[in-house]
Amino acid sequence: MPADLAVIGLGPLGLPLAQAAVAAGIPTLGYRTGPEPGSLSPAELRRMLSGGFRPATDPAELGRVRTAVICAPTPRDADGGLDLSQVEAAARTLAGHLRPHTTVILESPVPPGTTEEFLRPLLEEMSGLRAGRDFHLAYSPSRVDPGRRDFTPVNTPKVIGGLTPACTESAAAFYGRLTDKVVRARGLREAETVTLLETNFRHVNMALVNEMAVLCNDLGVDLWDVIRCAETKPFGFQAFRPGPGVGGHSVPLDRTGHPGSPLRMVELAQQVNSRMPRYVVQRAATLLNEHGKSARGARVLLLGVTYKADLADQQGTPAQEIAIRLMELGAAVSYHDPHVPSWSVLDRPVPRADSLYEAAADADLTILLQQHRTYDLQGLSVKAQLLLDTRGATPTGAAHRL
């Protein structure tokens with residue numbers, strides 16, 4: 001049977017979409033755009049294959065679907081903007097086999113204007129078809145939060161903006177098969193700017209609370225207690241919590257695609273958040289000094305080197321920079337993470353602790369970078385010689401908090 005849907009890009013954006021489509025009974029084709037992060041367990045793959053999922057390597061198969069969704073990654077380029085090369089490659093692959101009446105949707109994070117000014121010409125030139133007349137073109141922000149169980153593709157509203165009203169309705173008809181609620185934006189640029197706002201909202205608020213962490217440490221104030229109290233306010237406040245840095249696949253955008261229109265607050269937030277790994281290392285060195293030890297030669301154990309709790313994904317994890325800076329100070333760094341069997345920094349393997357409690361007892365300093373569910377933080381706070389908690393997860397008074 002031909003597939004109804006082609007998901008182009010099977011990384012952290014495309015895999016959840018493919019899983020949701022299969023769960024909704026939609027025959028789905030998966031096409032990789034490269035060595036993307038993100039993988040399925042054997043059990044998950046078996047479930048998807050039995051539900052109508054089919055991996056594809058022949059791009060000609062992309063011309064046999066009614067809907068094609070591009071989920072290619074857009075990492076930062078050398079200038080700090082978004083690298084659209086994988087979106088371009090996906091578009092060229094699709095365009096060579098695009099047929100009339102297909103609905104093409106972009107979900108990759110892109111600056112406003114990308115779908116119409118960058119993607120549309122690629123598709124039209126190579127296919128000989130015209131968007132809005134021969135095929136539908138739309139944008140829908142990806143709203144994936146890896147590891148989250150309370151919000152799924154079914155109960156997370158889906159925003160859609162099309163090149164024309166008919167394009168919007170065609171995309172809405174597709175997503176209506178996956179989600180309980182479809183939200184129609186006025187057009188492509190409005191839908192693209194939703195991504196800009198949602199991503200920057202997270203980074204700006206994290207920057208604020210990270211700055212508060214530094215201030216509160218200087219003042220001798222327990223920020224975690226401040227947040228606990230502040231989040232009881234039923235209006236005008238949303239709780240964010242500090243951490244050792246900001247990881248993940250969504251990057252803040254301080255430009256709208258126009259060099260003369262930077263978002264100054266987002267630019268400042270990037271600077272604040274990018275300083276957090278350095279601040280964690282400074283706190284670590286200070287703690288060691290206060291306990292009569294030097295960072296040089298100190299045994300430092302890092303707990304949790306992924307960017308998010310209970311996941312194996314290391315995209316943008318601050319643990320990398322923290323390990324590098326500790327090594328530069330002369331510390332002997334080791335790590336423990338139940339989701340990461342091996343870890344390298346600067347192409348050098350980092351020793352992995354087999355026994356968490358023994359390693360914490362042996363280390364001069366243990367730094368909790370990620371709060372995995374498997375960690376017994378009460379027991380850890382007893383075993384560790386010196387513990388720096390960057391997540392506020394340990395019991396009050398049991399560790400030094402960020």
Side-chain angles (χ1 to χ4, degrees), residues 1-73 86 89-90 93-94 97-99 101-108 136 138 140-158 160 170-182 249 306 308-315 338-341 373-374:
M1 291 291 293
D4 283 354
L5 167 68
V7 178
I8 307 173
L10 294 177
L13 303 182
L15 268 181
L17 174 62
Q19 288 177 299
V22 170
I26 301 173
T28 301
L29 194 73
Y31 188 87
R32 288 193 177 275
T33 59
E36 299 144 327
S39 60
L40 296 171
S41 69
E44 288 174 324
L45 180 57
R46 283 194 298 271
R47 281 196 299 270
M48 288 188 67
L49 290 172
S50 64
F53 177 74
R54 187 159 50 86
T57 56
D58 183 359
E61 295 186 71
L62 300 178
R64 305 190 186 108
V65 299
R66 291 188 291 179
T67 305
V69 184
I70 296 175
C71 299
Q86 294 188 61
T93 300
L94 173 63
H97 305 279
L98 189 61
R99 293 187 179 185
H101 311 300
T102 304
T103 299
V104 179
I105 305 168
L106 178 63
E107 280 205 8
S108 304
H136 297 297
S140 180
S142 178
R143 285 175 162 175
V144 175
D145 193 358
R148 186 133 192 187
R149 300 179 182 180
D150 52 344
F151 288 105
T152 67
V154 174
N155 64 2
T156 301
K158 202 75 172 103
I160 297 145
S170 180
F174 163 69
Y175 284 115
R177 302 167 70 184
L178 303 180
T179 184
D180 293 337
K181 184 176 182 179
V182 171
H249 298 268
T306 59
K308 193 171 184 181
D310 305 313
L311 294 178
D313 198 339
Q314 299 174 47
Q315 179 71 30
H339 302 280
V340 182
R373 267 195 296 261
T374 55

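A distance of 7.0 Å separates CG of Asp310 from OG1 of Thr374, quoted to the nearest 0.5 Å. If you take NZ on Lys308 and NE2 on His339, they are separated by 12.5 Å, rounding to the nearest 0.5 Å. To the nearest 0.5 Å, atom CD of residue Gln19 and atom CZ of residue Phe53 are 9.0 Å apart. Atom CD of Gln86 and atom OG1 of Thr33 lie 5.0 Å apart (nearest 0.5 Å). Rounding to the nearest 0.5 Å gives a distance of 6.0 Å between CZ of Arg32 and CG of Leu15. The CZ atom of Arg64 sits 9.5 Å away from the NE2 atom of His97 when rounded to the nearest 0.5 Å.
A distance-only check finds no donor-acceptor pair linking the side chain of Arg177 to the backbone of Ala24 [under 3.5 Å]. Of the possible polar contacts, none joining the Thr306 side chain to the Gln314 backbone as a donor-acceptor pair under 3.5 Å is found. Put simply, the side chain of Ser142 never gets that close to the backbone of Glu107: no donor and acceptor are under 3.5 Å apart. The main-chain N or O of Thr156 is found under 3.5 Å from a side-chain atom of Thr179 such that the two form a donor-acceptor pair.
Shown are Val7, Leu17, Val65, Asp4; of these, the side-chain contact (heavy atoms from CB on, under 4.5 Å) with Thr28 is made only by Val7.
Considering only heavy atoms from C-beta on, Thr67 stays 4.5 Å or farther from Ser170 through its side chain. No side-chain heavy atom of Ile8 sits under 4.5 Å from any side-chain heavy atom of Thr93.
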query: Taking it one step at a time, do Phe174 and Ile105 satisfy side chain to side chain contact (heavy atoms under 4.5 Å, CB included)?
result: CA-CA 10 Å; Phe174 163 69; Ile105 305 168; 3.9 Å; yes
task: Dump the intermediate steps for side chain to side chain contact (heavy atoms under 4.5 Å, CB included) on Ile160 and Tyr175, then the final yes or no.
output: CA-CA 9 Å; Ile160 297 145; Tyr175 284 115; 3.6 Å; yes
